[in-house]
Novice: 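Have a look at this one.
Residue numbers begin at 1 in each chain, while the letters A, B, ... track the order of the sequences. Quick caveat: nothing in here was measured; it's all calculated off a predicted structure.
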Number of protein chains: 2
Amino acid sequence: MTAPLHEARPAAPGRALPDTQQGMRRRNLARVMHTVSAEGPLSRAAVASRIGLTRAAVSTLVDELIRTGLLEELGPERPGRVGRPGSALAVSGRGPAGIGAEIGVDHLAVCAVDLRGEVRARAIRHGTNRGRSPEPVAGELTDLVRQVVAEAEQEGLWPAGLAVAVPGLVARDARTVVRAPNLDWHDTDLGALLPADLPLIVDNEANFGGLAELWLGEGTPRDFLHVSAEIGIGAAVVVDGQLLRGTRGFAGELGHVPVRPDGPECACGGRGCLEQYAGEEAVLRAAGLASAEDRVAVLADHAAEGDETVRRALREAGEALGIALTGAVNLLDPESVVLGGALAGVGPWLLPSLRAELARRTAGPACPVSVSRLGSEGPLLGAAHAVVRGVLDDPAAVAEGG
Amino acid sequence: MTAPLHEARPAAPGRALPDTQQGMRRRNLARVMHTVSAEGPLSRAAVASRIGLTRAAVSTLVDELIRTGLLEELGPERPGRVGRPGSALAVSGRGPAGIGAEIGVDHLAVCAVDLRGEVRARAIRHGTNRGRSPEPVAGELTDLVRQVVAEAEQEGLWPAGLAVAVPGLVARDARTVVRAPNLDWHDTDLGALLPADLPLIVDNEANFGGLAELWLGEGTPRDFLHVSAEIGIGAAVVVDGQLLRGTRGFAGELGHVPVRPDGPECACGGRGCLEQYAGEEAVLRAAGLASAEDRVAVLADHAAEGDETVRRALREAGEALGIALTGAVNLLDPESVVLGGALAGVGPWLLPSLRAELARRTAGPACPVSVSRLGSEGPLLGAAHAVVRGVLDDPAAVAEGG
DNA sequence: CTATTTCGTCATGGCCGTTTACAAATTAGT
DNA sequence: ACTAATTTGTAAACGGCCATGACGAAATAG
């Protein structure tokens, strides 16, 4: 008995559902889907050895998944090794699709992603939503969704669900926008305003951005902080491959972490919050630029041209971010920090001071900070993929044809 | 198909073990143990209805657990309702025991806790360990452990494992003390210095304190921050009933969250860390008190007597804690914050300014802050209970007689 | 004293992964 | 070209586990 007791967590005490044989099968179906999805075309035998079941068991699981249209048989593998070649299995490109949507301050966007992770249809509408009431915005979004769904259906896909990214706080019911300052929305039940025939997930844009980073980003860190600054500054906290949501769903409010406790007042009631130093408005003001249309691009342009005022503004924003992130890193010990959203665009001018500040305040090696390669697409892709993950996580819940 | 897709996570893709029938049985054994442990004496039928299995299935599970000595049949329940009375089941008071130990700066402590959660044996040795090398300390601890184990064995218990709380950072291997400033230990493999015949868990004192709060505290929040200040200031971050450890195991370093970015230098390399304002040394200095033996008691005494200097020192420490916790609360959105360890002793003088600071900087209702009722016992109890939870989480791994 | 309710158990059955065996398809060696 | 070895996928028998349904036991209600 010198077992690694500290790892002994095979049982999940919190699990609510009874552990029955059907549940076992559902979980094994999910494991087959995840394995095939993650590691490309694979034979039944390869799947079996990876998930630890026998070939026979995997065969029956695969049969069921092919019948429901979630897996496809691609035909015999190119040999190369001795023995009978396997029959390659791949996730279906004609089954369910995840519909992702984004309500931005300046645009609406919708896309459809198939189980393979490919974007199969998309639609965008530009134009500000600032101050518009939820109903017309949701109406327009619904139109875009229908358009994208129709397009996807022409390619043999059917919508498995809709996920909407919003620039604000979302309650844990994943329907209600509690506060979206830049839209001026409060306690808005998006569930009542969007198509009722699709399962709906609403979440913070930063959260979906973080999930996109988790699922599509470089490397495979499972513990990281994804910082996303559009107008407010939000963060997604990913712990062990799971999004940390908090009791009310408000986790990740990095923008209101105190940086200088006696600094300027903030709308939140506090003083010297990060947003007062690294928020878009603050940076534009410090850079001496008016609030323009494509604000971040303007910043990046001026910085690239060598405008010293702009560069200083960005440098100081980086310092403030570094201070706030020092606190976060001390608290969470993440593997890395990733900058996404608008921040990514001005990364080159932000990173040096940010990294310096973080390193200066850290005893050992500082937590690595990088820029997301997903750019501004993150939240939209994350939303669509959230639906896809839902299917992979419980393929048995999906009936052919929706 | 209007399923709550955002809740669809029945499959844990990260699960490493194949999902086989034996695993199912193991999990169900664990659920029976947890249910009986949490809800007192219960009949087989009551357990069945709670965990969603049939009475027949529960019967066989219970038989097995009684055979291995983890459950006991107490005899027929007092009736009161119609129908045949059930036979009360309880967690055994003579089976495995968790051995918890604490290496404090000024003492060593060991206790044995049975599956029922009761302390059945304990031993303490006072005297400072500051600056002593690990070997003699571990030797003394081993003696105490053997003493407590012997005592427990006389009561029909056998040790299922040993968990040791240390005042420092512990690597994720749960054996190595990476840094314990107040002991002056570095990269010490406690696994090599402690009894090898017992499964070992080593963890930070703050973490075990947080687990104690989770398992034994008032109410049942599953998302909270447990702040523990002995000499350094540590925190346990509990998310969904699980301890957040971080990539390297260093999560919860609240003491080095920047409070005033231009404040006094800290040993960590940073400036204005929380520890510079609310750490024991800083508070004693601000209070005009020399570093005495039972330092916190002295503080509390002076404060109770109305010493204004001491009170101001504590008030200011509370403010600094409030600032650091504002950041943490914004990031994590916990259900509550609990002060444990030495902090609990001076809570009355700390809390007002702490709460005020937190409320002032929070938009909505502020996160509630309370004082742990476990006092200084937290880490020791948490350690012992960690072993007990290990048994509850996988009863099948436990063989009678250890 | 009988009807009713609830508890624990037993026999049966169905679901599910394993084991074992085998045919099919390829490479390696002669 | 032919055989041996290897690997894949499937089929049948097996065993473990929970569900179902029936039954005796032990209490209450009338």
Novice: Does any donor-acceptor pair link the side chain of A/Gln21 with the base of C/dC16 at a separation under 3.5 Å?
Specialist: no
Novice: Please find the pair of heavy atoms, one from A/Gly161 and one from A/Leu198, that lie closest to each other, and give the distance.
Specialist: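 Looks like N-CD2, 4.2 Å.
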Novice: Nearest-Å distance, CG (A/Leu53) to C1' (C/dT19)?
Specialist: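 Taking CG of A/Leu53 and C1' of C/dT19, I get 14 Å after rounding.
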Novice: Given C/dC16, C/dG17, D/dC17, identify the nucleotide with an atom nearest to the side chain of B/Arg25.
Specialist: D/dC17
Novice: Return the 5'-most residue of the pair A/Pro85, B/Ser43 with respect to DNA chain C, ranking by each residue's nearest nucleotide.
Specialist: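 The answer here is B/Ser43.
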Novice: Say whether, by atom type as modelled, one donor and one acceptor occur between the side chain of B/Asp114 and the main chain of B/Glu118 under 3.5 angstrom.
Specialist: yes
Novice: Calculate the interatomic distance between A/Leu89 atom CG and D/dG9 atom P; express it in whole Å.
Specialist: 7 Å
Novice: NA contact type, A/Thr54, heavy-atom cut-off 4.0 Å: base, sugar-phosphate, or nothing?
Specialist: base
Novice: Under 3.5 Å, side chain of B/Arg55 to main-chain N/O of B/Val47, donor-acceptor pair present?
Specialist: no
Novice: Take the protein atom CE of A/Met24 and the nucleotide atom C1' of D/dC17, then report the distance between them rounded to whole Å.
Specialist: 8 Å
Novice: Determine whether any donor atom in the side chain of A/Arg84 lies under 3.5 Å from an acceptor atom in the base of D/dT7, or the reverse, and answer yes or no.
Specialist: no
Novice: Rounded to the nearest angstrom, tell me the gap between atom CZ in B/Arg31 and atom C1' in D/dC17.
Specialist: 15 Å
Novice: OP1 or OP2 of D/dT7 versus the side-chain N and O atoms of A/Arg44: is any pair under 4.0 Å?
Specialist: no
Novice: Within the 4.0 Å heavy-atom criterion, would you say B/Arg55 contacts the bases, only the backbone, or no part of the nucleic acid?
Specialist: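 Counting heavy atoms under 4.0 Å across all strands, the contact made by B/Arg55 includes a base.
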Novice: From C-beta outward on B/Ala57, which listed nucleotide comes closest to its side chain: C/dG17, C/dT9, D/dC18?
Specialist: D/dC18
Novice: Is it true that a side-chain atom of B/Asn28 and a backbone atom of A/Asp19 form a donor plus acceptor pair closer than 3.5 Å?
Specialist: yes
Novice: Please state how far atom CZ in A/Arg81 lies from atom P in C/dA25, giving the value in whole angstrom units.
Specialist: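 The distance from CZ of A/Arg81 to P of C/dA25 comes to 17 Å, rounded to the nearest Å.
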Novice: Looking only at atom types and distance, does a side-chain atom of A/Thr54 sit under 3.5 Å from a main-chain N or O of A/Ala57, one as donor and one as acceptor?
Specialist: yes
Novice: Out of D/dC18, C/dC7, D/dT28, which nucleotide sits closest to the side chain of B/Val82?
Specialist: D/dT28
Novice: Of all the choices, D/dC18, C/dG17, C/dG8, which nucleotide is nearest to the side chain of B/Thr20 once you look at every atom?
Specialist: C/dG17
Novice: Between B/Asn28 and D/dC17, is there a side-chain N or O to OP1/OP2 distance below 4.0 Å?
Specialist: no
Novice: Taking atom C1' of C/dT18 as reference, at what distance in whole Å does atom CD1 of A/Ile51 sit?
Specialist: 14 Å
Novice: Which part of the nucleic acid, if any, lies within contact of B/Ala56, taking any heavy atom under 4.0 Å across all strands shown: a base, the sugar-phosphate backbone alone, or nothing?
Specialist: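 The answer is base, as B/Ala56 lies within the cut-off (heavy atoms under 4.0 Å) of a base atom.
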Novice: In whole Å, I'd like the distance from the CZ atom of B/Arg78 to the C1' atom of D/dT28.
Specialist: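 After rounding, the gap between these two atoms is 15 Å.
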Novice: Rounded off to whole Å, could you give me the CG-to-C1' distance for the A/Leu29 and C/dG17 pair?
Specialist: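 To the nearest whole Å, that distance equals 13 Å.
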